[in-house]
Amino acid sequence: MIVARTIADARAALAERRGGRIGLVPTMGALHGGHEALLGAARRSCDTVVMSLFVNPAQFGDPADLNGYPRDEARDLRLAEDAGADVVFAPTAAELYPPGYQTWVDVAELAAVLEGEHRPGHFRAVATVCLKLFSIVRPDIVFFGQKDAQQVEVLRRMISDLHLELELAVVPTVRDDDGLALSSRNARLSADERARALALPRALATRDPDTARAILAAAGLEVEYVAVAPFSPPTLAAAVRVGATRLIDNVPIEEEP
Ligand code: AMP
């Protein structure tokens, strides 16, 4: 497995692989079973699997969230290799945002609602860094998790609006046995917080926003939003705070036949 730290090295590593199908799995590291599912899907359908490993400072509104984000590159590289990655692109922030940087991609409407309303600037930063990664890696297909349903919608819109020549594959949310969606942020939950966080998947499983709200309130979780999002398919999405940790989750709602 090649680890490329610069854009030039990533392009050089991919130069002789352009004949085959290239898949890209963007991540922020702290890899878990969700990331492994994305890498597995890429491995099964691509000749070359590229994983990016970059904690994008621009998409964190809260400096404490950025500074406290779990990082263990050596472990991530081992897991990426075991999951079949051929190339890991792990740039520094200065490599992607050199002095004078000033270009941003704004998916205007979709980025302003739900998550976007509570995390201003978040999706602008996500769309921008993804477009950069797409431009550097030039993948045939990119893999994203249903766990971040609005991110998928924003990127699908960007790919369509900017006529990008790539496929977007969505991988179902991977959950622990108790139902909690895997997330790098789960590591921050105490045992008591984790027990209370289980109300989130339980609430969403009802597929009804009012019932979901009642379950979250009864569990004492601070609700940022619970809403049926107009995605395809329509999706019951929620964000809650459990102590100092913010968790999001969603379930697609079956469309009427
Ligand atoms: P992150 O490292 O949190 O930015 O996530 C990288 C990718 O993994 C994104 O496409 C996420 O949607 C996806 N992902 C994160 N958690 C899960 C999960 N539990 N199941 C499936 N995909 C996930």
Side-chain angles (χ1 to χ4, degrees), residues 23-44 49-62 65-66 68-73 75-77 79-80 83-85 88-91 93 96 114-115 119 122-134 137 139 141-159 166-189 194 197-198 200-201 204-205 229 231 235 237-239 245-252:
L24 170 66
V25 179
T27 81
M28 298 202 300
L31 299 190
H32 52 62
H35 301 106
E36 285 167 342
L38 268 62
L39 289 165
R43 185 69 280 165
R44 285 189 294 279
V49 175
V50 182
M51 185 186 93
S52 60
L53 171 44
F54 181 62
V55 182
N56 182 25
Q59 74 188 58
F60 286 79
D62 175 5
D65 191 26
L66 173 61
Y69 201 81
R71 294 169 210 242
D72 186 345
E73 195 193 75
R75 174 181 174 276
D76 287 339
L77 294 180
L79 289 180
V88 171
F89 176 49
L96 291 193
L114 299 166
E115 278 296 287
R119 303 184 71 187
H122 173 70
F123 286 121
R124 187 177 91 136
V126 168
T128 301
V129 81
C130 284
L131 183 58
K132 280 170 163 286
L133 294 170
F134 298 171
V137 173
I141 178 165
V142 292
F143 295 83
F144 287 90
Q146 171 68 29
K147 163 76 170 34
D148 297 277
Q150 192 173 355
Q151 173 169 276
V152 166
E153 290 293 312
V154 166
L155 295 175
R156 190 181 281 138
R157 190 78 245 169
M158 177 183 82
I159 290 166
L166 51 85
E167 255 176 78
L168 187 155
V170 182
V171 174
T173 302
V174 178
R175 298 177 181 280
D176 261 332
D177 291 342
D178 58 11
L180 192 66
L182 298 188
S183 163
S184 306
R185 290 187 172 87
N186 292 354
R188 294 188 196 160
L189 299 171
R194 190 184 161 99
L198 295 182
L200 180 56
L204 293 173
F231 302 160
T235 296
T245 306
R246 185 174 186 279
L247 298 178
I248 61 169
D249 196 357
N250 70 85
V251 291

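All values reported here derive from a predicted model rather than from experimental measurement. Counting starts at 1 for both ligands and their atoms, following the listed order.
- Remark: minimum distance from atom 3 (O) of ligand 1 to any protein heavy atom is reached at Y69 OH, 3.9 Å.
- Summary of contacts: the protein heavy atom closest to atom 23 (C) of ligand 1 is K147 CB, 3.9 Å.
- The backbone N or O of S52 sits less than 3.5 Å from a side-chain atom of T27, completing a donor-acceptor pair.
- Atom 10 (O) of ligand 1 has G145 N, 2.9 Å as its closest protein atom, hydrogens excluded (heavy atom only).
- Only the backbone of P172 comes within contact range of ligand 1, with a heavy atom under 4.0 Å; no side-chain atom does.
- Every atom of ligand 1 with a heavy atom of P26 under 4.0 Å away is listed here by number and element: 6 (C), 7 (C).
- With hydrogens and angles ignored, the 3.5 Å screen pairs no side-chain donor or acceptor of Q150 with any backbone N or O of L114.
- Taking a cut-off of under 4.0 Å to the non-hydrogen atoms of H32, the atoms of ligand 1 that pass are 15 (C), 16 (N), 17 (C).
- At distances below 3.5 Å, at least one donor-acceptor pair connects side-chain atoms of N250 with backbone N or O atoms of Q146.
- In summary, D178 and R194 engage in a salt bridge, as defined by a charged side-chain N under 4.0 Å from a carboxylate O.
- Note on ligand 1: A30 sits outside its first shell, no heavy atom being nearer than 4.0 Å.
- By the 3.5 Å distance cut-off applied to N or O atoms, F144 is not counted among the residues near ligand 1.
- Residue contacts with ligand 1: D148 is placed with a nitrogen or oxygen under 3.5 Å of a nitrogen or oxygen of the ligand (distance criterion only).
- Polar contact with ligand 1: present for L182 (N/O pair, distance under 3.5 Å).
- Considering backbone and side-chain N/O atoms, M28 comes within less than 3.5 Å of an N/O atom of ligand 1.
- Only the side chain of L38 comes within 4.0 Å of ligand 1, judged by heavy-atom distances.
- The closest donor-acceptor contact from the side chain of D76 to the backbone of R71 lies at 3.5 Å or more, if one exists at all.
- In this structure, the side chain of K132 engages the main chain of L96 through a donor-acceptor pair within 3.5 Å.
- Not a single donor-acceptor pair under 3.5 Å links the side chain of R188 to the backbone N or O of P70.
- The side chain of H35, and not its backbone, has at least one atom closer than 4.0 Å to an atom of ligand 1 (non-hydrogen atoms only; side chain from C-beta on).
- With T235 contributing its side chain and A237 its backbone, the two residues share no donor-acceptor pair below 3.5 Å.
- For atom 20 (N) of ligand 1, the nearest protein heavy atom (residue, atom name, distance) is V174 N, 2.8 Å.
- Between the side chain of D148 and the backbone N or O of Q151 there is no donor-acceptor pair closer than 3.5 Å.
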